[in-house]
Amino acid sequence: MAGYLFGLDSQGSLDEAINAGLFSTRMSIPMEAQWQMHHEGTFADYTSMKAGDNVYFFIDRKIYGVGELVNIENDCKSLNFAEANHPYLFYGFTNNRFIYLFPKHAYDRLTPKNKLGLSYSDYIQQYRFVCYFKPFPLFFAEGVDMDDMLTSEPAAFKILRDFYQKSFIKIDNDENQAFKNLILRRNSSAEAPIKASNYLVSHNKVLQKLISDNYSLTLNPLLNNIIEGDSIKHEMAIEAAIIHQLSQGDMASIEIFGSWEYLSHQVPASPAKPNNYLDRVDIFGYSYIEGLEPTKSQFLIAEIKKDNGTVETLYQLMKYVDFIKSEYAYSDYSMITAFLVAYDFDDDCIELLNEIVTRNYIHGIRPSITRVWNKVKLIKYRYDSLNEKISFEIKADATLA
């Protein structure tokens, strides 16, 4: 299972979140009633959440755990209030409209200048999405220092090293297990102090709200103001749409991209370097050998362009393929499937597809076998206004050339 590490500002916030089994990430208020790219990225992270994924919190260099996402009314996440995925403030809201109300103490601490004239109802509208979790097996009172975590299993930590100026990150199965390993070892004594949780009480209150109004995370309000005809203005929104449609089991999307147990976006895809210079894969995922989780069988790499795909972007995709092959896929190209998604493609991008993407490699040792890899597809996207989603079409498939 995947894991999520959420940043908090105080022990009080930690106690509130664990006690209620609820958490929401604060987002800036949309300017000019339009979602920005960082909002779209947060949506992508939430929409890929699944029951069974683990939850951790980070405060003052320490990591606290362990929680597990659970479904309420068939999902482990929702909007914090009806229509929260629309990019504007709702005036006249009363507290009973919100699922997640706990940041009241944070609002009270703000100076009048920092409140910028926002009422508490306005302030809490910065918490748009909420997830539900329980202790699993327990939430321990003692946190683990970040340095201790990184040195416990250095090879496992890839995403944690990218936790900079972010409200939270998603970690994969291997990194998640490394989180649990150290936290559980440090708290293996029967006397290890724990943090109490009354999540069943708050989850029952959430259920009453969910059955009385529509709190589902839906895609279309995210796209409404960034559509130009049948194209999308933001590449991050296309990332979010693909992850959402695959996570929700949209069969038309699965027919193009396949089915993936783990999906994430903006995953580091270059050797360690200062954060601002890191290369990142737009969409990254993997699947398991059926019935043999967590043994991975295939990796997904997708590069997104809102306009035309070019030869340059094809080379960029292949740089990520080569990195993922070495870093994740045990130097085996056959475990990778790659996609370049764009509104359309330059002619030379299609003509040179096979020349650019083909890789010759050695498989095995005794005997060593020469193999050829070219599992790359060029995918055209269009916004489908009738069905309020993004549709996809294969423009070229290197394996068929």
Side-chain angles (χ1 to χ4, degrees), residues 2 35-48 158-159 162 166 168-172 219 222-223 226 231-247 250 253-254 256-270 273 275-287 298-325 327-329 336-345 349 353 356-357 375-383 389-396 398:
W35 293 119
Q36 304 300 313
M37 287 183 285
H38 59 278
H39 299 125
E40 296 156 1
T42 301
F43 176 90
D45 290 323
Y46 268 89
T47 196
S48 66
K158 299 179 173 69
I159 309 302
D162 191 36
K166 295 179 179 180
F168 71 100
I169 53 172
K170 181 176 183 177
I171 56 178
D172 70 8
L219 176 67
L222 192 79
L223 303 177
I226 55 170
S231 68
I232 307 294
K233 295 180 183 178
H234 299 167
E235 287 165 6
M236 186 70 78
I238 303 171
E239 290 177 27
I242 293 174
I243 291 174
H244 176 77
Q245 290 174 197
L246 289 175
S247 298
D250 179 70
S253 301
I254 291 172
I256 295 292
F257 296 101
S259 182
W260 305 91
E261 280 83 5
Y262 174 85
L263 284 169
S264 191
H265 72 117
Q266 295 299 309
V267 171
S270 61
K273 62 179 75 171
N275 193 276
N276 289 344
Y277 297 98
L278 277 176
D279 296 317
R280 292 180 171 84
V281 177
D282 287 342
I283 299 178
F284 171 76
Y286 54 72
S287 59
Q298 285 288 307
F299 292 90
L300 161 74
I301 301 172
E303 176 69 11
I304 313 298
K305 295 298 173 188
K306 63 184 178 63
D307 301 315
N308 272 18
T310 65
V311 166
E312 181 181 355
T313 55
L314 196 53
Y315 276 117
Q316 183 180 0
L317 172 66
M318 294 313 301
K319 182 172 69 171
Y320 299 153
V321 167
D322 291 337
F323 179 83
I324 297 300
K325 179 267 299 182
E327 190 73 10
Y328 288 90
I336 298 173
T337 303
F339 301 87
L340 178 55
V341 181
Y343 186 79
D344 212 332
F345 297 89
C349 185
L353 175 61
I356 293 171
V357 308
K375 290 197 296 185
V376 177
K377 295 180 181 180
L378 307 184
I379 307 296
K380 287 173 57 174
Y381 83 87
R382 293 291 186 272
Y383 178 70
K389 67 175 190 176
I390 297 182
S391 62
F392 304 97
E393 173 191 344
I394 299 175
K395 178 75 172 185

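These figures come from a predicted structure and were not determined experimentally.
In plain terms, the two heavy atoms of S259 and S287 that are nearest each other are O-CB, 3.9 Å. The two residues S247 and S48 make their nearest non-hydrogen contact at OG-CA, 3.7 Å. Closest approach of Y262 to K170, counting heavy atoms only: CE1-CE, 3.6 Å. When every heavy atom of C349 is checked against every heavy atom of G309, the shortest pair comes out as CB-O, 3.9 Å. Across every non-hydrogen atom of D250 and K389, the tightest pair is OD1-NZ, 2.7 Å. Across all non-hydrogen atoms, the minimal contact from A237 to I226 is CB-CD1, 3.3 Å.
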Problem - Derivation of the side chain to side chain contact (heavy atoms under 4.5 Å, CB included) call for D279 and Y320 - result: CA-CA 8 Å; D279 296 317; Y320 299 153; 3.8 Å; yes
Problem - Pair L353-F345, side chain to side chain contact (heavy atoms under 4.5 Å, CB included): steps then yes or no - result: CA-CA 11 Å; L353 175 61; F345 297 89; over 6 Å; no
Exercise for the section: Evaluate side chain to side chain contact (heavy atoms under 4.5 Å, CB included) for V357 paired with L314, printing each intermediate quantity in order. Expected result: CA-CA 8 Å; V357 308; L314 196 53; 4.0 Å; yes
Exercise for the section: For side chain to side chain contact (heavy atoms under 4.5 Å, CB included), just list the numbers for H39 and H234, CA-CA rounded to whole Å, side-chain angles, deciding distance to a tenth of an Å, and then say yes or no. Expected result: CA-CA 11 Å; H39 299 125; H234 299 167; over 6 Å; no
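Between F284 and Y328, the angle of the ring planes lies from 30° to 60°, which puts this pair in the tilted group.
Taken to the nearest 0.5 Å, the CD1 atom of I169 stands 7.0 Å off from the CD1 atom of I159. Atoms CD and CE, from E303 and M318 in turn, are 12.0 Å apart once rounded to the nearest 0.5 Å. Expressed to the nearest 0.5 Å, how far OH of Y383 lies from CD1 of I232 amounts to 7.0 Å. Atoms CD and CZ, on E327 and F299 in that order, are 10.5 Å from each other to the nearest 0.5 Å. Remark: E40 CD to L223 CG distance equals 7.5 Å, nearest 0.5 Å. Rounded to the nearest 0.5 angstrom, I283 CD1 and I242 CD1 are separated by 4.0 Å.
Contact annotation: the side chain of I243 never approaches that of F43 to less than 4.5 Å [non-hydrogen atoms, C-beta and beyond]. With a 4.5 Å cut-off on side-chain heavy atoms, Y343 and R382 count as touching. The shortest side-chain heavy-atom distance between L378 and I394 does not fall under the 4.5 Å cut-off. Residues D344 and N308 have side chains in contact (heavy-atom distance under 4.5 Å, counting atoms from C-beta outward). Inter-residue side-chain proximity for M236 and I304 is flagged as unmet; no heavy-atom pair is nearer than 4.5 Å.
Under 3.5 Å, the side chains of Q266 and K166 contain no donor-acceptor pair of N or O atoms.
A donor-acceptor contact shorter than 3.5 Å links the side chain of E235 to the backbone of K306.
Exactly one of V311, L317, T310 qualifies for a side chain to side chain contact (heavy atoms under 4.5 Å, CB included) with T313. That residue is T310.
Remark: T47 pairs with H244 by the side-chain hydrogen bond (donor to acceptor under 3.5 Å, both in side chains) rule, at least two apart or across chains. For F392, the ring-ring contact (aromatic ring centres under 6.0 Å, His included) partners are F257, not counting sequence neighbours.
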